[in-house]
Every structure is written in structure tokens, then in C-alpha cells.
2 protein chains.
Amino acid sequence: MSPADTPQARGERRKRSDARRNAQTLLDAAAAVFARAGIDAPVRDIAAEAGVGMGTVYRHFPTRPDLVVAVFRHQVDALAATPAGASGENPENPYEALRSWVARFTDFLVTKHGLPEALHSDQAGLESLHAEFVDRLVPVLDRLLRACVDAGRIRADVRPLDLMIAIGNLCIGADTFPGYRARHMVDVLLAGLLHHAPAPTDADRPRTPTAP
Amino acid sequence: MSPADTPQARGERRKRSDARRNAQTLLDAAAAVFARAGIDAPVRDIAAEAGVGMGTVYRHFPTRPDLVVAVFRHQVDALAATPAGASGENPENPYEALRSWVARFTDFLVTKHGLPEALHSDQAGLESLHAEFVDRLVPVLDRLLRACVDAGRIRADVRPLDLMIAIGNLCIGADTFPGYRARHMVDVLLAGLLHHAPAPTDADRPRTPTAP
DNA sequence: CGAATATATGGAGCAATGCTCCGCTTGGCA
DNA sequence: TGCCAAGCGGAGCATTGCTCCATATATTCG
């Protein structure tokens with residue numbers, strides 16, 4: 001997001017004023033419709049909410065997922081930015097730093113209707129949403145996890161990508177399935193990272209049958 | 001599934017022979033298409049595979065999810081039936097019984113393209129798929145979990161429904177996202193059930209600030 | 001066996017939805 | 001003011017779940 005990334009600085013013509021205005025209107029309208037009707041809301045509805053035609057939507061956001069990504073980008077940015085602060089807050093307790101960041105991540109996912117589901121939709125183009133999350137957040141998790149491993153708090157066999165996807169997955173259904181406590185299960189998962197006395201990963205592969 | 005449930009026994013006329021044949025043909029065709037193209041394959045494709053018309057499909061399976069449920073029902077039955085055996089095999093190690101059943105459940109989910117995703121689809125009617133899983137498998141998990149809790153092996157604050165949904169969720173993306181190791185994350189989740197020295201669940205809610 | 005009838009079938013057609021296309025409109029510059 | 005590239009709107013296409021009904025056929029009864 002350096003200033004050099006602005007269109008003008010790259011020698012491209014500045015967009016027309018109505019175009020800029022419409023782009024922002026669309027972003028706001030999409031955010032409103034997503035909040036009201038979920039992330040799967042029809043593009044038509046968003047165009048109507050913004051008071052523009054279908055063509056305008058697709059001019060600004062070539063595919064539906066592009067619109068979704070744009071709407072959530074700055075929230076992902078916030079999540080990606082904090083950990084420097086968070087992990088700095090208590091470098092002596094890296095596990096709590098991990099837990100606190102994961103709690104914020106979980107809150108974000110749970111409060112967005114359909115977002116966790118969308119991260120796994122195989123609809124063409126929705127990979128970019130996934131990619132956005134991976135690119136921005138995996139490095140954060142990597143730092144948090146590494147700090148825990150270095151401090152000897154957690155097992156070393158869980159990769160940041162695994163954990164990120166797992167957390168995102170656990171949040172699926174949080175708002176649609178009544179009895180399911182997504183946050184709690186994320187907590188259980190994090191507890192599973194801690195070292196225990198008996199490493200259960202070995203128990204299910206008795207290479208040598210327990211001698212009598 | 002008692003004999004009294006058969007149509008004849010309830011005084012209903014037995015279905016025409018071609019109808020019965022087509023129903024089975026459709027089941028086989030659907031299984032083949034699901035395996036090849038995933039669970040979201042168009043109904044048209046299944047009709048074509050079976051060599052019948054659309055009307056025939058919908059006559060036998062009123063909605064798309066009904067077909068999906070029918071295809072997987074006997075596999076769910078198998079999963080629901082085993083734990084009596086499994087938990088009987090080593091009553092002295094209930095945690096291993098839990099792990100072994102969960103491993104089978106995980107295998108089942110991971111090998112069915114799109115099944116875990118379908119369990120959370122908000123498409124009307126797909127709740128019956130979810131209901132099928134919940135009704136058949138939650139009681140099994142309940143028994144397995146209770147045995148572990150009674151043996152003092154695991155925490156008592158995880159309900160069977162939570163665990164079942166969490167496991168299903170963790171399997172999402174197993175076949176579509178390259179780097180993600182669903183089975184491993186299920187293992188981490190199960191490890192999180194075990195008791196550890198410091199209960200992390202209390203750490204984030206210091207009701208009374210730790211007295212000096 | 002042959003007719004009568006309930007049952008089953010096939011596929012055109014409807015509705016929803018993502019996306020494209022293109023003729024019309026308009027902001028910005030000379 | 002006048003020009004024109006950038007922008008816009010919305011009809012229309014393709015896909016897909018599902019419905020409808022004229023036609024075909026299995027089953028039964030005389």
C-alpha cells in the first residue's frame with residue numbers, strides 16, 4: 001500500500017470521478033448486503049442496493065469473488081498488522097499471544113455470515129479470497145507459532161497453513177448450526193498444540209506389537 | 001429397518017419392477033458420478049449416466065439432497081454400527097477406542113469429494129444430510145466420549161455434537177487444498193481433549209486476578 | 001390372452017443467478 | 001463549447017435445480 005502503488009504514480013490515467021464514486025458506493029452496498037443476506041447474496045441485489053446496473057458492478061469487480069475480497073481486504077489488513085503488537089506485548093508468554101490473536105481471527109470469521117464457507121467454495125475465482133487470507137495471515141501465524149515452539153510450549157509438527165485452514169474450518173457453521181460452539185472447538189484445537197506427557201500420535205501405530 | 005417397514009407390510013402396493021430397477025440404477029449412477037465429479041455434480045449428469053430422464057430422477061428422489069443422502073446412507077450405517085464392537089474391543093483404553101473410530105470417520109469424509117462441504121451447505125434440503133449424520137453418529141460419539149470422561153482421560157466440556165461438527169469441518173478442503181493435512185489436524189483436536197497440567201481454558205478468564 | 005388402469009417415464013420448460021455484450025451517456029480536456 | 005474515451009445500464013446467454021404433462025408400460029382382471 002505504498003504511495004507508489006496508486007494508479008497516478010504508475011503513469012496510468014486517473015479514473016473518472018463517477019467511476020471512483022461508484023466503486024466506493026458498490027463497496028458500501030456490498031458490505032451492507034453481505035451483512036444482511038450473507039456472502040452468497042446475488043450480484044443483482046448488490047447492484048440494486050448501489051443503484052447501478054450489472055455492467056457497472058462487473059466493470060469494477062470482474063468477478064463476484066473480487067468484490068468479496070475487496071470488501072474484506074481492510075479487515076484482513078488489520079488482522080495482519082496487529083500481531084507485531086500482540087506478540088510484542090508479552091514476549092514472555094508466546095502461547096497467550098497466539099491464543100489472543102487466534103481469538104481475534106475467530107471473532108472476525110464467526111461474525112461474517114458465510115465467509116468461512118466461502119473460503120472453501122470451489123467456485124472459480126474464489127481461490128483469490130483464499131489466497132488473500134493465506135498470503136496475509138500465514139506469516140503472522142508462522143511468527144506466533146515459532147515463538148511458542150522456541151519457548152518449548154507447543155509441538156513442532158503443526159504448520160501455520162494447517163492451523164490457519166483448521167481454524168477457518170472450525171468456524172464454519174457457527175452462525176447457522178444452533179448447538180455448535182465454534183469458539184470452544186478452536187480453543188480445544190489450540191490446547192491440542194500444547195505438549196502432553198503421552199504423545200498420542202505414536203499410539204495409533206504400534207509398529208512393534210506390544211510384547212507380552 | 002425392521003421388516004415391518006417394508007412397503008408391502010404396510011399395505012402399500014409394491015413398486016413396479018421397472019421403478020425398482022431404475023431406483024437402483026440411479027443409486028449406482030449417482031455414486032459413480034459423485035466419485036468422478038464430486039458431490040455437486042449436476043442432476044442432469046446423473047440422469048444421463050443412468051440413461052433415464054430428469055423426471056425419473058426426481059420421481060425417485062424428490063430433491064437433490066435426497067439422492068445424496070440415499071447414496072451415503074449405508075456407509076453412515078456402517079459407521080454407526082461399529083462402535084459397539086470398537087468400544088468393546090478395548091474397554092480398558094477408551095481414548096484409543098475414540099481415536100480409532102474418529103480415524104475411520106475421518107477417512108470416510110476425506111475420501112468423499114465435497115461431502116464435508118455439503119454437510120454445511122445452506123441449500124434447502126441439505127439439512128437432511130446433516131440430520132442423518134447427527135442422528136446416527138452423535139450417539140456413537142456420546143458413548144465413546146463418556147467412556148473417556150469416566151476413565152478420567154479427557155476434559156468433560158466437549159459435547160458429542162460439537163466434536164462431530166468440528167471433525168467434519170476439519171475435513172473440509174482435504175482433497176482440494178494441496179498443503180492442508182486434515183487428518184493431522186483432527187489428531188491435534190483429539191489431543192486437545194486430553195487433560196493437561198495447565199488448563200488453558202481458565203487462563204483467558206482471570207475471574208479473580210491471581211492473588212499475590 | 002387382451003383390455004383397463006394405475007404407475008412410471010422423458011424431456012421441454014421455468015426460475016434463479018453468474019457473467020457478457022453493446023449501444024447510449026457523460027466527465028474532462030482543449 | 002465540442003469532442004471522445006471512459007463509463008454505464010440492462011437485455012440476454014449459459015448453467016442448474018426442479019416441475020409438468022403427454023406418452024409409454026407393467027400389472028391385474030375378466
Side-chain angles (χ1 to χ4, degrees), chain A residues 7-8 11-27 29-30 33-34 37-71 114 117-118 121-129, chain B residues 7-8 11-27 29-30 33-34 37-71 114 117-118 121-129:
Chain A
Q8 304 95 300
E12 296 169 9
R13 189 192 290 270
R14 182 190 173 88
K15 272 164 114 174
R16 247 166 63 171
S17 62
D18 54 344
R20 261 175 296 138
R21 190 173 352 108
N22 271 337
Q24 188 55 50
T25 304
L26 271 171
L27 240 23
V33 172
F34 286 162
I39 271 187
D40 295 325
V43 176
R44 276 170 178 72
D45 292 358
I46 296 165
E49 170 90 15
V52 305
M54 300 278 300
T56 304
V57 179
Y58 281 96
R59 161 167 298 268
H60 290 284
F61 306 97
T63 84
R64 201 179 175 296
D66 288 329
L67 181 54
V68 177
V69 172
V71 166
E117 289 85 346
S121 167
D122 48 0
Q123 280 187 43
L126 224 22
E127 322 84 56
S128 63
L129 218 199
Chain B
Q8 305 94 301
E12 296 169 8
R13 190 191 289 269
R14 182 189 174 88
K15 271 164 75 166
R16 246 167 62 172
S17 63
D18 54 346
R20 262 174 296 135
R21 188 173 354 107
N22 272 335
Q24 189 55 50
T25 303
L26 271 170
L27 241 21
V33 173
F34 287 162
I39 271 187
D40 296 324
V43 176
R44 276 169 178 73
D45 291 357
I46 296 165
E49 171 89 15
V52 305
M54 299 278 301
T56 305
V57 179
Y58 282 96
R59 160 166 297 267
H60 291 284
F61 306 97
T63 83
R64 201 180 175 295
D66 288 330
L67 181 54
V68 177
V69 172
V71 166
E117 289 85 346
S121 167
D122 48 0
Q123 280 187 43
L126 224 20
E127 323 84 58
S128 62
L129 219 199

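Here is how names work: the chains are called A, B, and so on, in the same order as the sequence lines, proteins then strands, and each is numbered from 1. Just so it is clear, the structure is predicted and the values come from calculations on it, not from any experiment.
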J.: Using atom OH of A:Y58 as one end and atom P of C:dT20 as the other, report the distance to the nearest whole Å.
T.: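 Atom-to-atom, A:Y58 to C:dT20, this comes out as 8 Å.
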J.: I want to check one thing: is the phosphate of C:dG28, taken as OP1 and OP2, less than 4.0 Å away from some side-chain N or O of A:S17?
T.: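 Indeed, a polar side-chain atom of A:S17 lies that close.
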J.: For B:F61, check side-chain contact (heavy atoms from CB on, under 4.5 Å) against everything at least two apart and list the hits.
T.: B:L26, B:L27, B:D66, B:L67, B:A70
J.: Report the residues that fulfil salt bridge (charged side-chain N to carboxylate O under 4.0 Å, His left out) with A:R20, sequence neighbours left out, ordered by chain and then residue number.
T.: none
J.: Over how many whole Å does the gap from A:L67 atom CG to C:dG18 atom C1' extend?
T.: 13 Å
J.: For a quick test of reading the model, state the closest non-hydrogen atom pair linking A:R64 to A:I39 and the distance between them.
T.: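 Distance-wise, the nearest heavy atoms are NH2-O, 2.6 Å.
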J.: With side chain to side chain donor-acceptor pair (under 3.5 Å) as the rule and sequence neighbours excluded, what pairs involving residues 44-53 of chain B come up?
T.: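 Applying side chain to side chain donor-acceptor pair (under 3.5 Å) to every pair that reaches into residues 44-53 of chain B, excluding sequence neighbours, yields B:R36-B:E49.
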J.: What residues form a side chain to side chain donor-acceptor pair (under 3.5 Å) with A:R16, not counting sequence neighbours?
T.: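 Here the qualifying residues are A:D18.
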J.: Starting at CZ of B:R21 and ending at C1' of D:dT25, how long is that distance when rounded to a whole Å?
T.: 11 Å
J.: Just the rounded figure in Å: distance from C1' of D:dC18 to CD1 of B:I46.
T.: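 For the pair B:I46 CD1 and D:dC18 C1', the rounded distance is 14 Å.
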J.: Taking CG from A:D66 and C1' from C:dG18, how many angstroms apart are they, rounded to a whole number?
T.: 13 Å
J.: Using a 4.0 Å heavy-atom cut-off to protein, can you give one letter per nucleotide of nucleotides 2-14 of chain C, 5' to 3': B if the base is in contact, S if only the sugar-phosphate is, - if neither?
T.: ----BBSBBB-B-
J.: Nearest whole angstrom, please: distance from the P of C:dG18 to the CD1 of A:I39.
T.: 13 Å
J.: For A:A41 and A:I46, work out which heavy atoms get closest and say how close.
T.: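 Nearest heavy atoms, A:A41 then A:I46: O-CD1, 4.4 Å.
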